[in-house]
Amino acid sequence: MNTAVYEDVLAQVPLFSSLDKHELQTLAVGCRERDYPAGAALMRQGDTGVGLFILTSGQVNVSQTTPDGQTRELGSFSRGDVLGEMSLLDDQPRTATVVASEPTNALVIPVWDFRSALREAPEISIKLLSVLSRRLRAAEAQRNSAAQR
């Protein structure tokens, strides 16, 4: 893939869909393409988050180990799905383990390249804050709805 293809992939990600062409180009410069064989971990619960993953092919399974040592399967993800986006913002450990269940390709935005893009084009930050605010409001509404049941 090349930078123009990366821009197209980024434009399909809800987190980045409000960015203009220049902003997408700024982010695309930092993208890296990575291949993972079946059984390879893209990320492990407890590890420091180093970036965001956009799956371009293949499939991954997500699991989480509970405090009592039980493993909980959280689901599977495939082409077009995004994982690890919070690590771009909060420097917190990963909350789940993601393992390729078949050969998988991902576009990766390392956190240091993401933050460099924000310094170069600060308007990206404002647009991302808007998206994250909407997500927070939706999650809060869902939580309140579930609590009323």
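Start at 1 with the first residue, then count along the sequence. In this text the structure is predicted, and so the values were computed from the model without any measurement.
Qualifying side-chain contact (heavy atoms from CB on, under 4.5 Å) partners for Gln92, counting only residues two or more places apart in sequence or in other chains: Asp90. Shown here are the side-chain hydrogen bond (donor to acceptor under 3.5 Å, both in side chains) partners of Arg143, two or more places apart in sequence or in another chain: Glu140. Under the rule for a salt bridge (Lys or Arg N to Asp or Glu O under 4.0 Å), the partners of Arg115 that lie at least two apart in sequence or sit in another chain are Asp91.
No side-chain heavy atom of Tyr6 sits less than 4.5 Å from a side-chain heavy atom of Ile109. With a 4.5 Å cut-off on side-chain heavy atoms, Ser145 and Gln142 do not count as touching.
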Enumerate, atom names and distances included, each donor-acceptor pair closer than 3.5 Å involving a side-chain atom of residues 44-51, sequence neighbours excluded.
unit_1 : atom_1 : unit_2 : atom_2 : d
Gln45  : OE1    : Thr65  : N      : 2.7
Gln45  : NE2    : Thr65  : O      : 3.1

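Residue pairs that meet the side-chain hydrogen bond (donor to acceptor under 3.5 Å, both in side chains) test with at least one member in residues 8-19, sequence neighbours left out, do not exist here.
Of the N and O atoms on the side chains of Glu73 and Asn61, not one donor lies less than 3.5 Å from an acceptor on the other residue.
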Steps toward side-chain contact (heavy atoms from CB on, under 4.5 Å) verdict (Leu107, Leu52): CA-CA 8 Å; Leu107 194 58; Leu52 166 139; over 6 Å; no

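The distance from atom OG1 of Thr104 to atom CZ of Arg79, rounded to the nearest 0.5 Å, is 12.5 Å. Taken from CZ in Phe16 to CD1 in Ile124, the straight-line distance is 8.5 Å, to the nearest 0.5 Å. Note that OG1 of Thr95 is 6.0 Å distant from CD of Gln64, once rounded to the nearest 0.5 Å. Here His22 contributes atom NE2 and Leu24 contributes atom CG; the two are 10.5 Å apart, rounded to the nearest 0.5 Å.
Distance alone, capped at 3.5 Å, is enough to place a donor-acceptor pair between the Arg32 side chain and the Gly30 backbone.
Phe77 forms part of a hydrophobic cluster together with Tyr36, Leu42, Met43, Phe53, Leu55, Val60, Val62, Leu74, Leu83, Val98, Val108, judged by ILVMFWY side-chain heavy-atom separations under 4.5 Å.
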